[in-house]
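Single-structure report; data block below.
Letters go in sequence order (proteins before strands), and every chain restarts at 1. No hydrogens, no waters, no symmetry mates; every other heavy atom, side chains included, goes into these values. Because the structure is a prediction, the values reported are computed rather than measured.
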Amino acid sequence: MTRTTLRTHRCGALRTEHIGQRVRLGGWVNRRRDLGGIVFLDLRDRDGIVQVAVGPGWASADTLALAQTAASEAVLTVEGEVVARPTAMRNAELATGDVEVHATSLKVVGPAETPAIPVARGKGEELPAEELRLKYRHLDLRRPELQANLILRHRLLQRARRALSELDFLEIETPILTKPTPEGARDYLVPSRVHAGECYALPQSPQIYKQLLMVSGFDRYFQIARCFRDEDLRFDRQPEFSQIDIEASFVTQEDVIGFVEHVLVALWDEAGHTIPRSFARLTWREALERYGTDKPDLRYDFPIVDWTTQVQPLAVPFFQNTTNGSRVRGIAVRGGGTLSRKDVDQLTATAKTHGAPGLAWVKRQGEQLSGSVGKHFTAEALGRLGVGDGDVALITVGPDRVTSPALDKVRQEVIRRLAPAPKLAHAFCWVVDFPLFEPDPETGKPVFAHHPFTAPHPEDVRKLDSEPFACRALHYDAVYNGHELGSGSIRITDPAVQRTVFRHLGLAPAEIEARFGFLLTALAAGAPPHGGFAVGFDRTAMLIAGAGSLRDVIAFPKTTAARALFEGAPAPARPEDLAALHIKVVP
RNA sequence: GGGGCUGUAGCUCAGCUGGUUAGAGUGCCGGUCUGUCACACCGGAGGUCGCGGGUUCGAGCCCCGUCAGCCCCGCCA
């Protein structure tokens, strides 16, 4: 199957079953070992590495001379015979290590200059700086690790397509040149040459299009959708990324959750992991209460607990400012007695950098109590907090919006330092019942927590105006080991409700018609109940591959400053191009 | 927009309290070598100490600014 005019096999595919065959190979010189009379070349392709031996018993003097000068990373074609290695010469570290190829002829078809960064690395040798790896991406991508990541990514994509096709979903493409959105992330704009002063926007997601497809009756849609958001980046955020985008009609939240579980289980299966269904489920409120985050890592315990009433009688000064909704919350760290004073100090620093006033702590070793608030406690009082012998309690105080994120970070840090065995290797869960609104950090006014097409929970619709923050949404997130894999919702299908929601966003009626008229018109044309989901595919691939960054599962990623170091994008536009686009750059 | 870390040979790094001619490993070049697999051994070349300014008798090292990469906060409906 891999045979072409120029080669018969891939290098990395040769095994003992090929012994005796004459083969032609093509590959890159991974390493050369020149012993004088005999030369060994490690030839590499995407399947792996095979040793090519060039010796006087079978190769001409010219071939031997050529092998002696073959440069690292040059492309060679090799013709020769697959032979068994003598027992003592086998290499158990190579998949092809029981055989080698005795080359009878050899050709440098792609000479190579000395590579700017090494492809073949010695054991324990560090990777080149990421800046160089991105600049010389064509070399970095030759590394077996990155090849494996991209090959896995391919298989995951194919598996997602297959899984969804089996569920009768149709793959339909939507535009890349689309319309700016009023809310959410900043758009990448594409100026129109034909229409002076007008712009397309690259989609942040195909949200409206997939809803239109439901209105059109396609029933079940999916797409591996490229999405673009002009926001600052992180190790797990790139300006352009791929989503497994799903939408289905005549569904409830349970149907969508079922579809998504089916896809996720298939993806993990593709990587050899068997994931039981159904996934754990907790409400957004529970998640924040117990873990301080809407994407809890359920591989580990160490839940956050409310100790406000238990510590009240102890008259600890630090815990006294429990006015207007503040609570005393903390984590009973089982086995936390092994945390050093320095560990606790660093945990305190973590809590403070995330807004907490500080971190009180009590450690119990036998009857011995120690820690910043140790003198206020008795063993019995600690027992009421669930803190036993050898444990430590980490405690803070404040309103939930302060203590939740701080204790989330503290919990993560505790897990990192204690490195307990996880209860599960793959902890999936659904977080449901998200709030429809959240307070604007500046004004305190309600703003949409998800996107403005998310349907309110039917039980809470009457609270839309009176108690907006008590209003739940039909919005759900899939979470894996503390990472958000994606989110989805049931959509608003009543154009009147959709108009009300836009008004809540502060949009004037004329603006609503201008921006979303096409959606409202569609909803009024007979819209089936529908909902969907989007899986962040790059992030999923990163997690399944065990990669440390999105950049390791994307062939040509951007830096954290959104630059492409390989091709050098973005680049200054030529004046004539700007003129054609009716653009003047203001310095 | 803010904070932190890093930047010295092609690559990975060391460089003491500011003090002689900036080192190592690897790669590269030349040589020896017929069973290596990070081959071994001998020899050699290779430096804008990110960039700009300042302090100092003297700066890789101290100060200010700046650029780049990475990580974090804000941001990411």
Side-chain angles (χ1 to χ4, degrees), chain A residues 30-43 49-59 64 68-69 71-73 83 85-94 96-97 100 102 113-136 139-140 181-187 204-205 207-208 227-239 241 349-350 353-355 405 409 434 436-438 440-442 447-454 473 475 484 487 489 501-502 504-505 534 536 548-549 551 558-563 565:
Chain A
N30 193 61
R31 225 185 264 286
R32 186 182 69 225
R33 290 175 296 282
D34 179 355
L35 274 61
I38 186 168
V39 179
F40 296 100
L41 296 169
D42 289 341
L43 205 62
I49 288 173
V50 72
Q51 173 165 281
V52 175
V54 189
W58 54 89
L64 199 58
Q68 285 176 315
T69 57
S72 283
E73 297 307 317
V83 301
R85 293 204 201 181
T87 316
M89 311 305 171
R90 288 182 188 159
N91 185 346
E93 287 177 30
L94 279 184
T96 61
E100 64 185 8
H102 282 193
E113 292 172 357
T114 302
I117 56 171
V119 176
R121 271 182 309 145
K123 290 182 180 112
E125 196 178 317
E126 296 288 334
L127 281 174
E130 184 137 23
E131 187 176 355
L132 296 170
R133 292 177 47 205
L134 292 171
K135 185 170 175 189
Y136 304 105
L139 293 173
D140 202 39
T181 42
E183 284 289 313
R186 279 183 282 266
D187 287 312
Q204 297 179 25
S205 82
Q207 181 60 36
I208 293 178
C227 306
F228 307 85
R229 292 179 191 175
D230 187 5
E231 293 293 344
D232 290 341
L233 307 179
R234 292 285 188 277
F235 79 98
D236 61 349
R237 269 165 35 188
Q238 282 274 311
F241 56 97
T350 298
T353 56
H354 290 89
K409 294 295 186 303
F434 272 73
L436 190 60
F437 301 98
E438 57 192 14
D440 184 298
E442 273 148 41
V447 293
F448 276 83
H450 190 41
H451 58 55
F453 315 110
T454 301
H475 168 201
E484 182 192 320
S487 68
S489 66
V501 163
F502 285 139
H504 275 284
L505 265 176
S549 149
R551 294 183 294 274
K558 304 284 191 285
T559 69
T560 47
R563 280 192 180 281
L565 298 184

Residue whose closest nucleotide on RNA chain B lies nearer the 5' end, A:Ile117 versus A:Leu35: A:Ile117
Treat primed atoms plus P, OP1 and OP2 as sugar-phosphate and everything else as base, then score nucleotides 69-75 of chain B 5' to 3': B for base contact with protein heavy atoms under 4.0 Å, S for sugar-phosphate contact only, - for none. SBSSBBB
Whom does B:C5 pair with, Watson-Crick or G-U wobble, provided both distances fall under 3.5 Å? B:G69
Which sits closer to the 5' end of RNA chain B, A:Phe448 or A:Thr114, going by the nucleotide each is nearest to? A:Thr114
Side chain to side chain contact (heavy atoms under 4.5 Å, CB included) between A:Arg85 and A:Asn91: does it pass, once the steps are laid out? CA-CA 9 Å; A:Arg85 293 204 201 181; A:Asn91 185 346; 3.7 Å; yes
Suppose you measure atom C1' in B:G23 against the same atom in B:U8; what distance do you get, rounded to whole Å? 10 Å
CZ of A:Arg32 versus C1' of B:C29: gap in Å, rounded? 11 Å
Would you say A:Arg33 reaches B:C39's phosphate, i.e. side-chain N/O to OP1/OP2 under 4.0 Å? yes
Any N or O donor-acceptor pair linking the side chain of A:Asp42 to the base of B:C37 at under 3.5 Å? no
With A:Asp42 via salt bridge (charged side-chain N to carboxylate O under 4.0 Å, His left out) - residues at least two apart: A:Arg33
Contact class for A:Arg85 (heavy atom, under 4.0 Å): base, sugar-phosphate, or nothing? base
Between A:Gln68 and A:Gly36, is there a donor-acceptor pair closer than 3.5 Å when you use the side chain of the first and the backbone of the second? yes
Mind checking who B:A40 pairs with, Watson-Crick or G-U wobble, both distances under 3.5 Å? B:U32
Side chain A:Glu125 and base B:U26 donor-acceptor under 3.5 Å: no
Could you measure between the two C1' atoms, the one in B:C37 and the one in B:C76, and give it in whole Å? 49 Å
Is A:Leu436 close to A:Phe448 at the side-chain level, that is, under 4.5 Å between some pair of heavy atoms? yes
Complementary nucleotide of B:G27, counting Watson-Crick and G-U pairs under 3.5 Å: none
Roughly how many Å apart are B:G7 and B:C61, using the C1' atom of each and rounding to a whole number? 14 Å
Report yes if a side-chain nitrogen or oxygen of A:Arg31 is closer than 4.0 Å to either non-bridging phosphate oxygen (OP1 or OP2) of B:C39; otherwise report no. yes
Taking atom C1' in both B:A14 and B:A22, what distance in whole Å separates the two? 11 Å
In chain order, what residues pass the side-chain hydrogen bond (donor to acceptor under 3.5 Å, both in side chains) check against A:Glu130, with sequence neighbours excluded? A:Arg551
Measure the distance from NE2 on A:His451 to P on B:C76 and round it to the nearest whole Å. 15 Å
Within this structure, what is the CD-to-P distance between A:Gln51 and B:C39, rounded to whole angstrom? 10 Å
Applying ring pair (Phe, Tyr, Trp, His ring centres under 6.0 Å), name anything that partners A:Phe241, two or more places apart in sequence or on another chain. none
Over all strands shown, is A:Ser489 touching base, sugar-phosphate only, or nothing at heavy-atom distances under 4.0 angstrom? nothing
When you look at NZ of A:Lys135, are more than 12 heavy atoms from neighbouring residues, nucleotides or ligands closer to it than 6.0 Å? no
If pairing means Watson-Crick or G-U wobble with both distances under 3.5 Å, then the partner of B:U56 is none
Does A:Phe502 have any ring pair (Phe, Tyr, Trp, His ring centres under 6.0 Å) partners at least two apart in sequence or in another chain, and if so, which? A:Phe516
Phosphate oxygens OP1/OP2 of B:G27: is one of them under 4.0 Å from a side-chain N or O of A:Ser72? no
Using whole Å, report how far CG of A:Leu132 lies from C1' of B:G50. 12 Å
Categorize A:Ala449 for me: base, sugar-phosphate, or nothing, with a 4.0 angstrom heavy-atom threshold over every strand shown. sugar-phosphate
Under 3.5 Å between N/O atoms: give me all the protein pairs with nucleotides 40-45 of chain B, atom names plus distance.
none

Against the side chain of A:Glu126, the closest entry in B:U12, B:G35, B:A38 is B:U12
Gap between atoms CD1 and C1', on A:Ile49 and B:U36 respectively (whole Å): 15 Å
So does A:Gln204 get a backbone contact from the side chain of A:Arg229, meaning a donor-acceptor N/O pair under 3.5 Å? yes
Taking B:G54 as the reference, what is the distance to B:C72 when you measure between their P atoms (whole Å, please)? 38 Å
Could you tell me if the side chain of A:Thr96 sits less than 4.5 Å from the side chain of A:Ile49, heavy atoms only? no
Among B:C28, B:C11, B:C76, which nucleotide has an atom closest to any side-chain atom of A:Ala185? B:C76
Could you give the NE2-to-P distance, from A:His102 to B:G35, as a whole number of Å? 13 Å
Salt bridge or not for A:Asp140 and A:Arg133, using N-O below 4.0 Å? yes
What distance, rounded to whole Å, do you find between the two P atoms, one in B:C64 and one in B:G18? 15 Å
Is it the case that B:G35 (base atoms only) and A:Glu100 (side chain only) share a donor and an acceptor within less than 3.5 Å, ignoring hydrogens and angles? yes
Using atom C1' in both nucleotides, what's the gap between B:U6 and B:G60 to the nearest angstrom? 15 Å
Give the rounded distance in Å between these two atoms: CG of A:Leu139 and P of B:U12. 13 Å
Checking only heavy atoms, does the side chain of A:Arg133 share a donor-acceptor pair with the base of B:C11 at less than 3.5 Å? no
Quote, to the nearest angstrom, the P distance that separates B:C75 from B:U66. 25 Å
Whether the side chain of A:Glu231 engages the backbone of A:Arg186 through a donor-acceptor N/O pair (distance < 3.5 Å, no angle test) should be reported. yes
Atom pair distance, as rounded to whole Å: CD in A:Glu73 and C1' in B:G27: 12 Å
